[in-house]
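Notes for the one structure printed next.
Proteins get letters first, then strands, A, B, ... in listed order; numbering begins at 1 in each. Computed from a prediction, not measured in an experiment: that's the story for all the values here.
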There are 2 protein chains.
Amino acid sequence: MSDDQLRLDQMLCFAIYACSREITKLYRPLLDEVGLTYPQYLVMLVLWEERSATVKHLGERLYLDSGTLTPLLKRLEQSGLVSRARSRDDERVVVISLTEQGAALKQRANKIPHELLCKSNLQPEEFLRLKGEFESLLHRMHHMRQTD
Amino acid sequence: MSDDQLRLDQMLCFAIYACSREITKLYRPLLDEVGLTYPQYLVMLVLWEERSATVKHLGERLYLDSGTLTPLLKRLEQSGLVSRARSRDDERVVVISLTEQGAALKQRANKIPHELLCKSNLQPEEFLRLKGEFESLLHRMHHMRQTD
DNA sequence: AACAATTAGATTGTGCACAATTGAATTTAG
DNA sequence: CTAAATTCAATTGTGCACAATCTAATTGTT
């Protein structure tokens with residue numbers, strides 16, 4: 001019985017881990033067209049919503065730290081999509097802002113969610129239900145880890 | 001309207017991506033005790049089930065390719081948990097086998113799934129329901145990508 | 001004012017992921 | 001039987017993730 005506990009197909013964690021990677025692979029061809037990686041796309045999503053954001057804020061929205069974000073943001077800067085500048089008010093803070101080119105890319109990215117929904121063959125209501133399930137699990141896991 | 005489609009909080013993909021990483025972080029302290037990373041743990045799960053497996057077979061079970069597996073398996077070999085050997089029958093194939101030490105590690109790993117279930121605060125029936133949901137989504141995504 | 005504690009971001013180092021290419025072994029077709 | 005196609009693993013190169021450490025700026029305490 002304790003043997004059975006270790007079977008791969010019983011692992012919820014594996015299903016989610018593999019699922020996440022499969023979804024990223026579905027995105028790739030669409031993101032290639034706009035020249036972004038998947039994590040870069042997530043950063044751009046936040047910036048398209050908020051125009052500019054601190055590294056700290058991006059980290060809180062995406063659950064990423066500066067070790068991941070700093071090099072990623074430097075690459076987005078190299079691509080000409082964002083600018084990075086120390087805040088005048090607080091020299092510790094780095095503010096990331098959309099360049100004109102970065103803002104313009106939004107138009108080309110707009111079709112991506114719809115195309116992916118089509119690719120996935122999910123009904124909108126099932127999509128929403130799954131999103132709810134994952135978000136509730138996500139918040140639960142995150143809260144769990146904070147209060148450990 | 002097309003603006004709303006690009007909001008981060010509407011993204012199923014992000015919920016899954018973040019969820020997967022949070023779960024891995026819950027595992028880390030438990031896996032540290034047995035000296036494995038999360039992907040190494042997944043490889044060991046397959047080997048504890050099957051005693052030995054080809055690189056190709058491991059890749060099929062875990063949805064990973066040789067570019068990921070080869071260096072990972074070399075590290076497991078360095079740790080003394082597995083051995084790697086070309087097949088006599090077909091020199092292209094590399095067979096990965098548990099060493100005695102690798103097989104013995106199973107005893108120490110047995111408690112991990114239960115500890116994680118406790119950490120997660122999920123009821124067993126909810127755990128099973130979620131696993132079903134995510135597996136069905138996983139297979140759907142994978143199949144989608146194969147028949148694109 | 002002075003100094004300890006905290007905070008924000010950068011840096012370093014390890015280990016995945018994965019696309020693309022390579023090379024050797026095997027299978028298939030002509 | 002042999003040449004082309006396929007298969008399996010390794011290699012190369014890029015880009016995350018993340019722990020740990022570091023530096024500089026700010027805040028809190030006395």
Take the protein atom [atom1] of [X] and the nucleotide atom [atom2] of [N], then report the distance between them rounded to whole Å.
X: B:Asp65; N: C:dT21; atom1: CG; atom2: C1'; result: 13 Å
X: A:Asp32; N: C:dA19; atom1: CG; atom2: C1'; result: 10 Å
X: A:Asp90; N: C:dT6; atom1: CG; atom2: P; result: 17 Å

Carboxylate-amine/guanidinium proximity below 4.0 Å for [X] and [Y]:
X: A:Arg140; Y: A:Glu135; result: no
X: A:Lys25; Y: A:Glu22; result: yes
X: B:Glu91; Y: B:Arg86; result: no
X: A:Arg129; Y: A:Glu133; result: yes
X: A:Lys106; Y: A:Glu49; result: no

(request) Decide whether a cation-pi geometry holds between A:Arg21 and A:Tyr17; the criteria are a distance under 6.0 Å from NZ or CZ to the six-membered ring centre and an angle within 45° of the ring axis. (result) yes
(request) With the side chain of A:Arg92 defined as its heavy atoms from C-beta on, choose the nearest nucleotide among C:dA25, C:dT7, C:dT11. (result) C:dT7
(message) Can you work out whether A:Lys25 or A:Thr54 has the more 5'-proximal nearest nucleotide on DNA chain C?
(response) A:Thr54
(message) On DNA chain C, compare the nucleotides closest to A:Arg21 and A:Lys56; which residue's is nearer the 5' end?
(response) A:Lys56
(request) Assign each of B:Glu22 and A:Glu91 to its nearest nucleotide of DNA chain D by heavy atoms, then name whichever residue's nucleotide is nearer the 5' end. (result) B:Glu22
(message) Need to verify one output field. Residue with the more 5' nearest nucleotide on DNA chain D, B:Val93 or A:Gln40?
(response) B:Val93
Which part of the nucleic acid, if any, lies within reach of [X] when heavy atoms closer than 4.0 Å are counted: base, sugar-phosphate only, or nothing?
X: A:Thr24; answer: nothing
X: B:Thr37; answer: sugar-phosphate
X: A:Leu72; answer: sugar-phosphate

(request) Answer yes or no: side-chain N or O of A:Ser66 and base N or O of C:dA8 forming a donor-acceptor pair under 3.5 Å. (result) no
(message) Looking at C:dT11, I'd like to know if its phosphate oxygens (OP1 or OP2) sit under 4.0 Å from a side-chain N or O belonging to A:Lys74.
(response) yes
(message) Going 5' to 3' along DNA chain D, between which two nucleotides do contacts with chain A fall, using a heavy-atom cut-off of 4.0 Å?
(response) D:dG15 to D:dT26
(request) Could you label the plane-to-plane angle of the A:Tyr63 and A:His142 rings as parallel, tilted or perpendicular, counting under 30° as parallel and over 60° as perpendicular? (result) perpendicular
